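Letters A, B, ... mirror the listed sequences (proteins, then strands); counts begin at 1. In what follows, every heavy atom counts, from backbone to side chain, and hydrogens, waters and symmetry copies are set aside. Note that the structure is predicted; figures quoted are calculated from it, not measured.
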Protein chains: 2
Amino acid sequence: MRQAGSTSSPWVSRRDRAAERQSKRDAVLCTAVRFFNAQGFHATSLDDVAKALSVTKPTIYHYFSNKDEILFECVRLGLETIRDATEAAHSDGGPARDRLETFMREYALVMTRDFGICVTRTSDDQLGEESRAKFRALKREINEGLQSLVEEGMRDGSLAHGNAQVVAFTVAGALNWIARWYRPDGGMSAQQVADHTVATLIHGLIPRAPAS
Amino acid sequence: MRQAGSTSSPWVSRRDRAAERQSKRDAVLCTAVRFFNAQGFHATSLDDVAKALSVTKPTIYHYFSNKDEILFECVRLGLETIRDATEAAHSDGGPARDRLETFMREYALVMTRDFGICVTRTSDDQLGEESRAKFRALKREINEGLQSLVEEGMRDGSLAHGNAQVVAFTVAGALNWIARWYRPDGGMSAQQVADHTVATLIHGLIPRAPAS
DNA sequence: ACCTTAGGTTACTTGCGAGTATACAAATCA
DNA sequence: TGATTTGTATACTCGCAAGTAACCTAAGGT
């Protein structure tokens, strides 16, 4: 727990205390997201989460102002990872198709992890006013990033022409769905799932060589 | 309301009364599913639904034994349409690829309608014991049907070789996602969305002719 | 005329879980 | 040493919505 506090004196102060607070906050999120994914948000009481951490509910309220905030922080962690990947895909060089592929793989991997799973299981009616707005904004940002990547690829000829919006949603849907069916103990690694799913989307269902 | 009662005598009886009861049941489902889709299941109270129908809550309990049953009937209506389409796709003749394509289009269309939308917004933690089991069974049946169709296509050469399970989930994910983004007033008809999405999945993202 | 059943109402119970008031202990600060 | 801040617990409030009890009315069967 007591991480990187230069000297390991018993007098932990300022920076260290802040770090400890942060790590406890994180612990709440990690525990909460597992419950949310396993039982659903509404079916999870903060007493459940508290008990799993061997504390009581008011302790949780010491780190978060309400249940909404906890859920939002979970989805934020998932979404920001993906958003950062879109940004990387845009600033990198090379043909759009390659950048898209890299992005898709990263996206798929996030969907095999707790916070990513939470994103797809959360619908915005579970969040209050303000969180909902931020949640939607993040999702829109990601979708626009994905769509503009697709458009770029259609323009530079590395992707087949078509309705970029539909293509973007098709990709997003297939990738998001991973969160619903992937099980770590199911014979495939997360990486394999990501690779196969991306390959399916890229190459399509029908054979390449001699179209029927 | 008084439908097809042969003569339109004021003495409605037996069969007609049963039909009327059924139509009221259906009205509850139609109203409820709209609320569920708009606000989420938990955020919808049966008082809301009752008020929208200009009746009171106990009236609803006259047609359904609890809230679970209402939700389950909604998803059942959506899922059974899809399941029937899988069965049709299996019993029809012709190359598997064509049957798969027809099935996908039908699936996509269901996802633009209320009961289909409800299916993807419902996670099984919202249902009680028994309904949950039936819900899962239906979904599994559909997925197995889809997957075996894919396997058949890979065998007869009308579909590209690959991991049939991943392919099935990729298809299901892309199609299910339609329920999350399609808006009837968004410039595309349901049919167009279905066609474009299916085409994207079938042909893949990269161009067919001169692969870069 | 009378009983029964269907469909509906008003008014209630009830339980769960989010969020809070209050108190307490330990450590840091001055 | 005393004051203040931080983290935690115990024990509560409180509102909402699911589900129920009891009652009413009208129509159909006999």
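Contacts of B/R136 classified as side-chain hydrogen bond (donor to acceptor under 3.5 Å, both in side chains), with partners at least two apart in sequence or in another chain: B/D124.
Distances shown here put a side-chain N or O of B/T56 below 4.0 Å from the OP1 or OP2 atom of C/dT9. For D/dG7, the OP1/OP2 oxygens have a side-chain nitrogen or oxygen of A/H62 closer than 4.0 Å. Phosphate contact (OP1/OP2 of C/dG7, side-chain N/O of B/R21, threshold under 4.0 Å): present. Distances shown here put a side-chain N or O of A/T59 below 4.0 Å from the OP1 or OP2 atom of D/dA9.
Look at CG on A/D48: it is 8 Å from P on C/dA18, rounded to the nearest Å. The distance from atom CD1 of A/I60 to atom P of C/dA18 is 10 Å, rounded to the nearest whole Å. Following rounding to the nearest Å, A/K24 (NZ) and D/dT6 (P) show an atom-to-atom distance of 13 Å. Going from atom CD of A/E20 over to atom P of D/dT6 covers 14 Å, rounded to whole Å. Separating the OH atom of A/Y61 from the P atom of C/dT22 is a distance of 18 Å, rounded to the nearest angstrom. As a whole-Å value, the separation of A/L71 CG from C/dG19 P is 12 Å. Residue A/L53 contributes atom CG, which lies 14 Å from atom C1' of D/dG7 at whole-angstrom precision. Nucleotide D/dT8 holds its C1' atom 9 Å from the OH atom of A/Y63, rounded to whole Å.
Within 4.0 Å (heavy atoms only), B/F64 reaches no atom of the nucleic acid at all.
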Kindly list each side-chain donor-acceptor pair under 3.5 angstrom involving residues 43-52 of chain B, sequence neighbours excluded, with atom names and distances?
unit_1, atom_1, unit_2, atom_2, d
B/T44, OG1, B/F35, O, 3.4
B/T44, OG1, B/G40, O, 2.8
B/S45, OG, B/D47, N, 3.3
B/S45, OG, B/D48, N, 3.1
B/D48, OD2, B/S45, N, 3.2

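Looking at B/S65 and B/E69, their side chains do bring a donor and an acceptor atom within 3.5 Å of each other. With no hydrogens or angles considered, no side-chain donor-acceptor pair links A/H196 and B/T170 at under 3.5 Å.
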Are any protein N/O atoms closer than 3.5 Å to N/O atoms in nucleotides 11-17 of chain C? If there are, list each pair with its distance.
none

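Judged as a salt bridge (Lys or Arg N to Asp or Glu O under 4.0 Å), not a single pair has a partner in residues 164-175 of chain B (not counting sequence neighbours). The stretch residues 101-119 of chain B participates, sequence neighbours left out, in these side chain to side chain donor-acceptor pair (under 3.5 Å) pairs: B/R34-B/D114, B/E101-B/R105, B/R105-B/D195, B/Y107-B/N176. Within the structure, the ring pair (Phe, Tyr, Trp, His ring centres under 6.0 Å) test picks out no pair touching residues 54-73 of chain A (sequence neighbours left out).
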